[in-house]
Amino acid sequence: MTSNSCSPDVPPFHGYVETTVNALRLIHAARQGVIPRITRRLNDTERRSMIKSGAVFIFSVEESGIKRWTDGLLWSPSRIVGNFLVYREINERASSRGSQKKTYTGDESRNVPVHRNSPGLSSGYKGSSSAQSGGDQGTFKPNGLIKKTITVTIEGSDLHLISYYTSEDIRNGRLKRPSSRPDIMGLYMPPQIFRLTNFRVPPKVEMGPDGKQRLV
């Protein structure tokens, strides 16, 4: 990886990671230093200011030392959507004993494990109604965040992408895609650097007009 992971001159990507290829482009751009990587765990102040709709964070365990991503929010159980894991922000979780509800304040409820080879989402989280019906899963927070994550192995190293957005921002077109950034789209991304067989839904490889293979 390049050494300018923390350079203040590197503009971050703020937007929506819609597809697997979107995620791979951002991860590749982060490896090349075109967008910043997270090189340490965020502190409480940074979490409060940075974790919002459109935020995208990319890091490797080796470089950052982050084994579990923490954001201080409460989340529903994960659902697999394509090659992503998707979570919805919840208000609280209910105790399994009776109808008494309690709010989890410990790290266990706030941490998202870094999944190895965790397997696009077109718009919102397509959760089941059970997550809204009480039980141990809690209730969805009105206008709450959705968290979408993916892990990609490149040259033996696992890179993790964590993105946040709201359904309303997607519906209203407030968040840009990576295609809005010429510096990201201008990078050649060789398909062979990725272990495509690790994906639940592998991206397709086709030959471009320039004679180079590319992911679609």
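Any value given below was found using the heavy atoms of this structure, including those in side chains, with hydrogens, waters and symmetry copies removed.
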Quick one: does any side-chain atom of D210 pair with a main-chain N or O of K212 as donor and acceptor, under 3.5 Å? yes
Could you tell me whether the side chain of T151 reaches within less than 4.5 Å of the side chain of L159, counting heavy atoms only? no
Contact between L73 and I51 at the side-chain level, heavy atoms closer than 4.5 Å - yes or no? yes
E89 side chain to G144 main-chain N or O, any donor-acceptor pair under 3.5 Å? no
For the residue pair D71 and Y164, confirm or rule out a side-chain donor-acceptor distance under 3.5 Å. yes
Hydrogens and angles aside, do D169 and S53 bring a side-chain donor and acceptor to less than 3.5 Å of each other? yes
Which distance, rounded to the nearest 0.5 Å, do you find between the OH of Y16 and the OG of S180? 14.5 Å
Can you confirm whether L187 sits close enough to V34 that some side-chain heavy atom of one is under 4.5 Å from a side-chain heavy atom of the other? yes
Lys/Arg N to Asp/Glu carboxylate O, E155 vs R31, below 4.0 Å: yes
Kindly determine whether E63 and R37 satisfy salt bridge (Lys or Arg N to Asp or Glu O under 4.0 Å), including the steps that lead there. CA-CA 9 Å; E63 182 181 36; R37 299 184 303 277; 2.9 Å; yes
What do the steps show when you test K176 against E18 for salt bridge (Lys or Arg N to Asp or Glu O under 4.0 Å), and what is the final call? CA-CA 10 Å; K176 296 181 179 180; E18 183 174 16; over 6 Å; no
Could you give the distance from CG (L196) to OG1 (T20), rounded to the nearest 0.5 Å? 10.5 Å
Would you call T139 and I90 a side-chain contact if the rule is heavy atoms closer than 4.5 Å? no
Compare all side-chain heavy atoms of L42 with those of F57 and state whether any distance is below 4.5 angstrom. yes
Note, R214 side chain near E206 side chain (heavy atom, < 4.5 Å): yes
Any side-chain donor-acceptor pair under 3.5 Å between R47 and T70? yes
R181 vs D183, salt bridge (Lys or Arg N to Asp or Glu O under 4.0 Å): CA-CA, chis, key distance, verdict: CA-CA 5 Å; R181 290 276 299 268; D183 54 345; 2.8 Å; yes
Are T149 and F84 close enough, and set up right, to give a side chain to side chain contact (heavy atoms under 4.5 Å, CB included), and what steps lead you there? CA-CA 6 Å; T149 75; F84 295 90; over 6 Å; no
Answer whether the closest heavy-atom distance between the side chains of F194 and M189 falls below 4.5 Å. yes
Are the side chain of R41 and the backbone N or O of T39 linked by a donor-acceptor pair below 3.5 Å? no
Calculate, to the nearest 0.5 Å, the distance between atoms NZ and CD1 belonging to K148 and I162 respectively. 12.5 Å
Tell me, do H14 and V56 make a side-chain contact under 4.5 Å, heavy atoms counted? no
